[in-house]
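Here the structure is a predicted model, which is why all the values come from computation and not from measurement.
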Amino acid sequence: MASRHQDPGRIAARSPSSAPTGPARIESGIPRLDFILKGGFFEGGTYTLYGPPGAGKTIVANQLCFNHIAMTGRHCVYLTVLAESHGKMLRHLGSLSFFDATVVGRQLKYIAGYQTLKNEGLEGLLALIRTTLMQEKPSIFVIDGLESIEQAAGPRAQAKEFLNQLQASTALTGTTTLLCAVEQPEQSRRDENAMVDGVIELSDQMIGPRAVRELTVHKFRGCGYLRGRHEVEITSQGMQIHPRTEIQFDQPPQQATEQRQRMAFGIPELDRMMNGGVLSGSTLALLGAPGSGKTTLGLSFLVEGARHGQKGIYFGFYEPPPRLLERVGAMGIPLRRYVEDGLIELIWQPPLEHYMDSLAESLLEKVRSEQHGRRRLFIDGVQGFNAAAVYEDRMPRFLSALTNQLRTWDVTTVMSEEQPLFGTQVELPNPELAHVVETVILLRYVELKSQLHRLLSIMKMRESVYDTSIREFTMNEHGVEVSGSFESAEAILSGFPRTRGGPP
């Protein structure tokens, strides 16, 4: 069983190494930032990182330095033009996993420039910078407090002249420079942004009741980059960036490479209705009201695959694994056996405040790590992604990108989608789901003479013939049983029933 926070290994639809060759790159080592930049910063470039207080600028700049030293063994310099002491900053950084006290003062030098700027002005600060560059020869040079320099410069022309001379000095040593600044109105930093090689914004805003951090690359000379807003988390590992799923996987291959086969549910009558099962590498949606049998059918699909040696993953949001194992065990479904054998893995996302792209990454990284043989996936509750979405209008593109990537890896996926408990219409909280899946199965309750009956019907199945009849099904200690004919369903429906969770 797995938890949400796993190794933040990088997953990418297009590797940064596939980008055209050019100037040498400086990798940040920050998960997925290099993917957004398609390889990292350019050696010798000058970049601005700005945002409001608390957005994570200081963490990103320090994480870049510590990671660079760990990866290359080269030197970095961190110059602050702020009143905050280095000791206080380092105490705050000490709890983060990238922090390495052994390199501080040796490979990573912290220099205070506040008093120099205050007493000697811009010329004095430039002299300090030139001396530092010549003596330390850093690979990365961070200046934290660009807004203090802009304020000291006064007229814009002086600020532009400072940047010109700074870039001339760093060009001589081939130093990559990162300028950190507190967010300012766009107009006041227009000239500075035009002069640097790249502009990155960190934002921190309230969207409804949620506090949301995001990263946006506004400019990056030398190559393309992933545009738009990307989710950001600050954890004990430092800055974690989650590129939008729909832009990571916007160019999937045309088709899977393996010959397709039928993937059965292990429920004889249902498999017969589906002409042997769902086609491998496709996606199926189970629609139904709470308690209609979606989870049980999805787990039956995984267990049937495990019987044939196929790996399966359960990715759910609402039911913890111990309760899941107990419930289906009482129905005679041997889920526990295959979990213990390692053929089925249960991944539960507790009902916390998630990020949608972070959830997709953890799922896709797990699926990618199991790339051998036929694989099955059951996503129990598409609404879990919807609840994690900051921008609901992203759902159609997100679901399309997610399902396309799973098809690319030849994963056969079952997704459950919950309908209202009471109602006479089939209502989809995510209508786009019906368009991105090949097969749709509808589960519903019908009430007749004070008894609830469950009915099942296949509403859609691309690339295959299928039985369109409505069937009654039951769930008991023997598992799931689907009626061998439509007669029992017809008898129920002909009694003028009242419906719950679907149409009559």
Minimum heavy-atom separation for [X] to [Y], with atom names?
X	Y	value
L202	P52	O-CD, 3.2 Å
M395	M356	SD-SD, 3.6 Å
P243	I36	CG-CG1, 3.8 Å
Q248	E361	NE2-OE2, 3.8 Å
L64	S28	CD1-CA, 3.6 Å
D197	G45	OD2-CA, 3.3 Å

For atom [atom1] of [X], is the number of surrounding heavy atoms from other residues, nucleotides or ligands below 6.0 Å larger than 12?
X	atom1	value
E326	CD	no
R221	CZ	yes
K219	NZ	yes

task: Enumerate the residue pairs fulfilling salt bridge (charged side-chain N to carboxylate O under 4.0 Å, His left out) with a member in residues 164-176, sequence neighbours excluded, ordered by first and then second residue.
output: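 Sorted result for residues 164-176: empty, none.
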
message: Filter on salt bridge (charged side-chain N to carboxylate O under 4.0 Å, His left out), then keep only pairs touching residues 56-82, sequence neighbours left out; what's left?
response: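 Matches after skipping sequence neighbours: E43-R74.
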
task: Dump the intermediate steps for side chain to side chain contact (heavy atoms under 4.5 Å, CB included) on L108 and I69, then the final yes or no.
output: CA-CA 8 Å; L108 175 55; I69 293 168; 3.6 Å; yes

query: In chain order, what residues pass the salt bridge (charged side-chain N to carboxylate O under 4.0 Å, His left out) check against R337, with sequence neighbours excluded?
result: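 In terms of salt bridge (charged side-chain N to carboxylate O under 4.0 Å, His left out), with neighbours along the sequence ignored, R337 is linked to no residue.
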
[X] [atom1] to [Y] [atom2] distance, which is reported to the nearest 0.5 Å:
X	Y	atom1	atom2	answer
L359	H354	CG	NE2	5.5 Å
L302	I344	CG	CD1	5.0 Å
D144	Y78	CG	OH	3.5 Å
F378	T412	CZ	OG1	14.5 Å
R25	D34	CZ	CG	9.0 Å
R213	Q205	CZ	CD	12.0 Å

query: Under 3.5 Å, is there a donor-acceptor pair linking the side chains of Y110 and N62?
result: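 Side-chain D/A pair, Y110 to N62: present.
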
query: Between the side chains of D380 and S416, is a donor N or O closer than 3.5 angstrom to an acceptor N or O?
result: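 Note: D380 and S416 side chains meet the donor-acceptor criterion.
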
- prompt: Is any NZ, NE, NH1 or NH2 atom of the basic residue among R375 and D410 found under 4.0 Å from an Asp or Glu carboxylate oxygen of the other?
  reply: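 Between D410 and R375 there is no salt bridge, as every charged N stays at least 4.0 Å from the carboxylate O atoms.
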
- prompt: Would you call D357 and R32 a salt bridge, using N to O less than 4.0 angstrom?
  reply: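 Here D357 does not pair with R32 in a salt bridge, since their nearest N and O are not under 4.0 Å apart.
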
message: Let's go through V436 and T283 carefully: what are the C-alpha distance in whole Å and the side-chain angles of both, what is the deciding distance for side chain to side chain contact (heavy atoms under 4.5 Å, CB included) to 0.1 Å, and is it a yes or a no?
response: CA-CA 8 Å; V436 301; T283 305; over 6 Å; no

field: ring pair (Phe, Tyr, Trp, His ring centres under 6.0 Å) against Y47, all qualifying residues, sequence neighbours excluded
entry: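 So Y47 forms a ring pair (Phe, Tyr, Trp, His ring centres under 6.0 Å) with F41, F220.
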
task: Using the test ring pair (Phe, Tyr, Trp, His ring centres under 6.0 Å), find all partners of F66 that sit at least two apart in sequence or belong to another chain.
output: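 Applying ring pair (Phe, Tyr, Trp, His ring centres under 6.0 Å) to F66 gives F98, F99.
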
Return yes if some donor-acceptor pair links the side-chain N/O of [X] with the main-chain N/O of [Y] below 3.5 Å, else return no.
X	Y	result
T175	S139	no
T408	N404	yes
S148	V81	yes
Q107	G73	yes
E417	L287	no
Q63	M239	yes

task: Test ring pair (Phe, Tyr, Trp, His ring centres under 6.0 Å) on F398 and F385 and set out the steps.
output: CA-CA 9 Å; F398 170 84; F385 288 113; 5.3 Å; yes

message: Using the rule given for side chain to side chain contact (heavy atoms under 4.5 Å, CB included), can you reason through F162 versus Q158, listing the C-alpha separation, both sets of side-chain angles and the distance that settles it, and then say yes or no?
response: CA-CA 6 Å; F162 174 85; Q158 293 186 27; over 6 Å; no

- prompt: Sequence neighbours excluded, which residues qualify as side-chain contact (heavy atoms from CB on, under 4.5 Å) partners of R210?
  reply: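 Only V212, E353, Y355, V390 meet the side-chain contact (heavy atoms from CB on, under 4.5 Å) criterion with R210.
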
query: Can T216 and S203 be said to form a side chain to side chain contact (heavy atoms under 4.5 Å, CB included), step by step?
result: CA-CA 8 Å; T216 306; S203 61; 5.5 Å; no

field: T132, I129, T177 screened by side-chain contact (heavy atoms from CB on, under 4.5 Å) with L79, the one that passes
entry: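 Exactly one candidate clears the test, I129.
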
- prompt: Taking L179 as the fixed residue, which of L146, V199, L49 is the one that meets the side-chain contact (heavy atoms from CB on, under 4.5 Å) rule?
  reply: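 The option that passes is L146.
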
task: Decide side-chain hydrogen bond (donor to acceptor under 3.5 Å, both in side chains) for Q310 and R376; before the verdict, give the C-alpha distance in whole Å, the side-chain angles of both, and the deciding distance to 0.1 Å.
output: CA-CA 7 Å; Q310 297 168 351; R376 300 186 181 210; 2.8 Å; yes

task: Apply side-chain hydrogen bond (donor to acceptor under 3.5 Å, both in side chains) to Q165 and E161, showing your working.
output: CA-CA 6 Å; Q165 294 192 41; E161 180 62 23; 3.0 Å; yes

